[in-house]
Each structure stands twice: as C-alpha cells, then as structure tokens.
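Everything on this sheet refers to the single structure shown next.
Everything numeric here is computed off the predicted structure, so don't read it as measured data.
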Amino acid sequence: MKTFKVAALFAACISVSAGVNAGWGSSEVRLGSSGGKDTWLYTPNSSIAGNSNIIDGKRALMINLHGCAQSNEDLKDAGNWANVAEEYGMVVAIPFAGTSYPGCWDYHLATDDSNHAAILVSIVEQLTADASLSIDPRQVYVSGLSSGGAMTAQLACEYPHIFAGIGSVAGPSVGSDQDAEALSDAPAHNVSRGIAKCNQLAGARAADLQTQISSLAYGDLDKNGDGAASYGQGTIALVDVEWVKDNADIMKSVYGAGSLGATEVLIDSGGATADARVSLRDGREVIGLIDINSVGHAWPGGDKGSEWTTGGAYVNKTGFAYPVYLTQWLFENNIRVGGIIIPGNNPPVISLPAGPYVYSVGDDCVPSATAYDIEDGDLTANIGISGSVDCNTAGNYTLTYSVTDMEGAGDSDTIGITVSGPGPNFDEEAGGSCIAHYIAKRLPVSEFISCGRANGYSSSVTLFRFGSCWTESSDGDGC
C-alpha cells in the first residue's frame with residue numbers, strides 16, 4: 001500500500017482554512033483568443049523562493065476542465081485545487097465551456113487548431129506569456145472529467161509540445177464520436193482507432209509525445225466498473241470505464257511504453273483508496289491507470305463530502321484525493337524538467353482503418369495500413385503482409401501486417417477478414433436439373449452429359465452465367 005504527501009497537505013489546510021480561497025480572483029477573467037472563455041484563475045499566495053516544491057524557480061500551470069453537466073464554478077468550489085495549488089506553488093485555471101454543445105467541450109472536433117481546443121491553447125499561451133505569473137512552459141498540465149477528460153486526452157495528442165502531462169478522468173477515448181458514442185460501451189476496435197487518431201492529431205509534433213506523461217482515472221462505481229453492484233444513493237454510473245482503460249493502451253502505444261504493471265493500492269490521509277497500475281519506459285513512470293474506489297461518475301476531489309451536496313455537482317468529496325495524487329505524480333515524473341533525454345529506440349506503430357473487415361465477393365478486401373515511427377518517420381512503404389485472402393471466394397481469412405524500423409524494433413497487427421458471397425461477378429443465376437438446363441439451352445450436349453454424370457440428370461443444379469457462358473462455379477471457373 002502506497003501513501004503520499006496528503007497528510008501534511010490536509011493538516012496545512014485545517015490551519016489556514018480562513019484564507020484557503022484567497023488565491024482565487026474576485027471574478028472570472030475572459031481568456032482565450034476568438035471565442036474566449038470565462039475562467040477562474042488561482043494564483044498561489046506562497047512565494048516561489050519559499051516553496052520547496054517549486055521546480056527550477058518557475059510555477060507549474062494546471063488547466064482543469066469540467067464535464068457536460070458541470071460548470072467551472074463546481075470545480076472551483078469543490079475540486080480541491082486551492083489546497084494543491086498552495087502546496088505546489090501551481091497556478092490553476094478552470095475555464096467554462098459555455099452553454100453550447102450543450103455545456104460540453106467539443107472534444108471530437110479537436111482538429112486543425114480549431115474550436116474549443118484552439119481556445120484552450122490560447123488560454124495557456126496568454127498565461128505563460130504573463131511574466132507576473134512566472135509559469136514554466138515545461139510544466140503545463142491539463143486535467144478534466146467526462147467531456148473534459150476526453151478533451152484532455154485530445155489535447156495531449158494534438159498539442160504534445162504544449163502539455164507535459166495530463167490527468168483524464170472518466171473520459172471517452174481519443175478518436176471517439178461525441179455525438180454517437182459518449183454514453184455507449186467502448187467498441188472492440190477502439191484502441192486501434194485511438195492510436196491512429198492520436199498519431200494523426202500529433203502529426204509533425206509526434207516526437208513531443210515521447211516527453212509527455214498521462215494519468216488515466218475512473219471511479220469503480222462508474223458504468224461497467226468493478227465496484228459493488230449496489231451503487232448507493234446519489235452515485236452516478238454514466239461512462240463505460242473501458243473507455244479509460246483503452247485510453248491507457250492508446251497512450252502506451254504512442255509513447256512506446258511497456259505493459260501496465262501489477263496493481264498497487266494508494267491511500268490518502270483520510271483513508272480513501274485507489275488501485276494504480278503504471279507503465280514504464282526506460283525505468284520511468286509515463287502512464288498511470290487509476291481505479292478509484294467507491295466513486296461513480298464524478299470528479300474525485302477527495303476533500304470530504306458527497307457527490308450531490310452543496311459545493312459542486314458531479315464532484316465526489318468522500319473518496320480518494322485525486323488532485324493531490326495527480327499533482328504529486330506529475331511533479332515527480334515530468335520528463336521535460338531538467339532537459340532529460342529519453343534514451344533508446346521507440347518502436348513503429350501500424351494503424352489500420354476501424355473494423356469489422358467484411359466484404360462482398362469481388363470487392364478489394366485487403367484494407368490499407370499506415371505505419372509511423374518517431375525516429376524514422378513514415379514507414380508505410382515498409383509494411384509487409386502475411387497470410388492470404390481470395391477476394392473472389394467467400395470465406396474467413398486472416399492477415400498479419402508487420403513493419404520494422406531502422407533499429408530493428410517492430411510492430412504487427414493481425415486482423416480477421418470475412419468475404420461474403422456470392423457477389424455480383426456473374427450475370428445470371430439459374431436453378432434446375434441438368435435436363436432442364438439442356439432444354440433451356442444453357443448447356444450443350446457435351447456439358448449436359450458431364451453435368452448428368454457428376455450430379456445425376458434429374459438432380460437440382462445451380463448454374464451461373466458469365467456473358468454467354470454457363471458454369472457451376474460462381475467464380476466463373478470453366479468459362
């Protein structure tokens with residue numbers, strides 16, 4: 001069981017409770033370029049020189065994003081950020097998405113530097129440019145719940161050069177469709193789709209993914225979680241926890257990290273627990289998958305209360321103090337601080353279109369794949385395919401796509417392909433006995449005799465016409 005610096009933090013909060021909100025501005029400020037957002041901004045009272053947690057004499061910045069049914073006011077009042085900001089000398093910004101879309105962050109539109117994503121990046125740029133805040137661009141983080149959690153993961157992929165680390169809670173995976181899938185179960189092809197989407201969003205910035213870290217969290221009482229079957233009054237189960245688990249696998253692939261390790265129990269000073277599994281690369285923690293006990297679909301603030309009492313909708317105050325854990329984890333594992341260079345070679349990643357791979361006879365039934373490598377770039381031309389498939393014959397087939405980079409690291413992906421038929425290859429289909437086919441002039445005498453000997457003259461036989469030629473083969477064999 002692992003504990004962390006929560007006890008000291010909570011003790012400090014009790015002793016200075018009268019001034020705990022002194023760092024919040026007196027009102028929201030409008031931040032972001034075109035279409036800017038009303039944002040609550042917390043500036044720590046503690047000086048940089050007097051805070052032992054400050055790294056390299058500069059403050060970190062945390063952007064925290066609310067869920068669809070929340071406002072930034074909920075996270076300001078109950079998100080447990082003021083306490084953490086003072087402990088770590090960190091600036092915290094909590095913007096409001098507004099009432100459009102409706103009240104959600106438009107995470108599946110986070111492409112081409114547009115929509116909410118562009119506004120959030122503009123907020124970061126404004127704050128880091130403010131010399132009075134003394135923010136270190138290498139210590140910019142983003143976190144969020146639900147649609148805010150999904151936007152967090154999207155921002156990680158699209159702007160890896162800006163965000164050194166993330167904390168995504170109960171958010172649908174990268175590449176998911178907000179309108180069609182947010183409240184559905186995670187589809188089987190979700191991980192491969194997410195890997196392709198993350199690499200697409202990163203584009204030429206993909207190398208910056210190698211110096212980024214991700215914490216992916218969910219409550220065990222959320223949809224399909226492994227908590228008690230009886231959720232209890234006031235607990236909400238809304239977003240499939242498999243979305244979050246898939247996000248961990250997606251980031252594991254794009255980071256070139258190892259498998260998630262054994263479960264370790266985390267415990268905060270109030271006795272609340274979470275189960276953590278981490279993925280390492282070159283001995284460093286780069287991904288954490290956090291299963292928070294006794295929490296439903298809510299921001300796990302952890303400063304004691306309940307999800308639906310005053311102080312914030314969709315905020316759990318009784319459970320594990322995730323903002324405390326997240327901030328400490330980000331500070332301890334930030335790769336960019338100190339100019340650390342990641343040694344070793346990163347493996348390439350193969351991306352295939354989303355399945356299922358079902359085709360009709362005669363279709364092009366071999367899906368195209370792409371391959372990208374952090375060091376070597378586009379390796380699509382190097383992809384090899386093993387296995388066989390006959391696009392003109394109905395059946396089930398298996399293909400394996402493989403690629404190797406210049407250093408010998410590789411990736412492979414095996415898919416199942418179904419070809420259903422008969423397809424539209426033939427011009428006409430006719431049933432009847434060999435005798436009937438002969439009378440209908442579908443068979444000349446010689447083929448009539450062959451048909452009768454093979455099948456019986458009165459047995460029913462299906463023939464297929466290819467132009468003026470009739471044959472028993474739907475593939476046209478014999479014509």
Run the ring-centre check on W105 versus H66 and record whether the distance is less than 6.0 Å. yes
Thinking salt bridges, do R138 and D136 make one under a 4.0 Å N-O criterion? yes
Can you tell whether the side chains of D185 and K223 come within less than 4.0 Å, N to carboxylate O? yes
Looking at CD1 of I292 and CG of L221, how far apart are the two atoms once the value is rounded to the nearest 0.5 Å? 11.0 Å
Donor-acceptor under 3.5 Å (S168 side chain, A153 main chain): no
Among N334, T152, N64, T327, whose side chain to side chain donor-acceptor pair (under 3.5 Å) with Y141 holds? N334
Do any N or O atoms from the side chain of D240 and from the backbone of A186 form a donor-acceptor pair under 3.5 angstrom? yes
Between N115 (side chain) and A117 (backbone), is there a donor-acceptor pair under 3.5 Å? no
Where the side chain of S420 meets the backbone of Y359, is there a donor-acceptor pair that is under 3.5 Å apart? yes
Validation row: L120, L65 side chains within 4.5 angstrom (heavy atoms): yes
Residues I287, L216; criterion side-chain contact (heavy atoms from CB on, under 4.5 Å); working and verdict: CA-CA 8 Å; I287 296 169; L216 297 313; 4.1 Å; yes
Intermediate values then yes/no, side-chain contact (heavy atoms from CB on, under 4.5 Å), E28 and N72: CA-CA 10 Å; E28 294 173 287; N72 58 343; 2.8 Å; yes
How about Y322 and S215: does a side-chain donor come under 3.5 Å of a side-chain acceptor? yes
Just so I know, are the side chains of D275 and E264 near enough to count as touching, which here means a heavy-atom distance under 4.5 Å? no
With a 4.5 Å heavy-atom cut-off, do C391 and Y397 have their side chains touching? no
Does Q212 reach the main-chain N or O of F163 with its side chain, forming a donor-acceptor pair under 3.5 Å? yes
Q178 side chain to Y107 backbone, donor-acceptor under 3.5 Å: yes
Rounded at 0.5 Å granularity, tell me how far CE in M62 sits from CG in L330. 5.0 Å
When you compare the side chains of D246 and S173, does any donor N or O come within less than 3.5 Å of an acceptor on the partner? no
Contact summary for W243 and P187, nearest pair of heavy atoms: CH2-CD, 3.5 Å
Start with the C-alpha gap between N199 and V254, add the side-chain angles, then the distance that decides, and say whether side-chain contact (heavy atoms from CB on, under 4.5 Å) holds. CA-CA 7 Å; N199 284 321; V254 299; 3.9 Å; yes
For a quick check under 3.5 Å, do R336 and T211 share a side-chain donor-acceptor pair by atom type? yes
V169 side chain reached by Y218 side chain, heavy atoms, under 4.5 Å: no
Give a yes or no answer on whether the side chain of E332 reaches the backbone of W329 with a donor-acceptor pair at less than 3.5 Å. no
Can you give me the closest heavy-atom contact between L266 and A276, atom names plus distance? CD1-CB, 3.7 Å
For I250 against V174, the heavy-atom pair lying closest together: CD1-O, 4.3 Å
Rounded to the nearest 0.5 Å, what's the gap from CD on E242 to CG on D249? Could you check? 9.5 Å
When you measure from the side chain of D405 to the backbone of E407, do you find a donor-acceptor pair of N or O atoms at a distance under 3.5 Å? yes
Would you name the heavy atoms of D106 and M151 that are closest together and state the gap between them? OD1-CE, 3.6 Å
Can you tell me how far apart CD1 (I385) and OG (S402) are? Round to the nearest 0.5 Å. 9.5 Å
Any side-chain heavy atom of P172 within less than 4.5 Å of one from E181? no
Ring centroids only, cut at 6.0 angstrom: are F331 and Y88 within range, meaning strictly under it? yes
Name of the residue among V241, N316, L238 meeting side-chain contact (heavy atoms from CB on, under 4.5 Å) with H297: L238
Hey, are Q328 and N53 close enough side-chain-wise for a donor-acceptor pair under 3.5 Å? no
Roughly how far, to the nearest 0.5 Å, is SG of C198 from CD of E158? 10.0 Å
Interatomic spacing from CG in N382 to OG1 in T404 - rounded to 0.5 Å: 8.5 Å
Going by atom types alone, do Y255 and Q210 pair a side-chain donor with an acceptor below 3.5 Å? no
Contact between F96 and T39 at the side-chain level, heavy atoms closer than 4.5 Å - yes or no? no
Could you go through the salt bridge (Lys or Arg N to Asp or Glu O under 4.0 Å) check for D291 and R277 one step at a time? CA-CA 9 Å; D291 181 351; R277 298 173 64 198; over 6 Å; no
Evaluate the ring planes of F320 and Y325, with Trp represented by its six-membered ring, and classify them as parallel (under 30°), tilted (30 to 60°) or perpendicular (over 60°). tilted
Can you find a pair of side-chain heavy atoms, one from K37 and one from L31, that are under 4.5 Å apart? no
Considering non-hydrogen atoms only, spot the tightest contact between G319 and V295 and give its length. CA-CG2, 4.3 Å
Locate the shortest heavy-atom distance separating L209 from C157; write the atom from each residue and the value. CD2-CA, 4.4 Å
Taking the side chain as C-beta and beyond, is there a heavy-atom pair between I415 and T398 under 4.5 Å? no
Determine yes or no for a side-chain-to-main-chain donor-acceptor pair under 3.5 angstrom, with W299 supplying the side chain and G79 the backbone. yes
Would you say the side-chain atoms of N51 pair up with the backbone N or O of E86, donor to acceptor, closer than 3.5 Å? yes
Across all chains, not counting sequence neighbours, the side chain to side chain contact (heavy atoms under 4.5 Å, CB included) partners of S386 are T400
Determine, stepwise, if the pair Q139 / L61 fulfils side-chain contact (heavy atoms from CB on, under 4.5 Å). CA-CA 6 Å; Q139 299 181 63; L61 170 64; over 6 Å; no
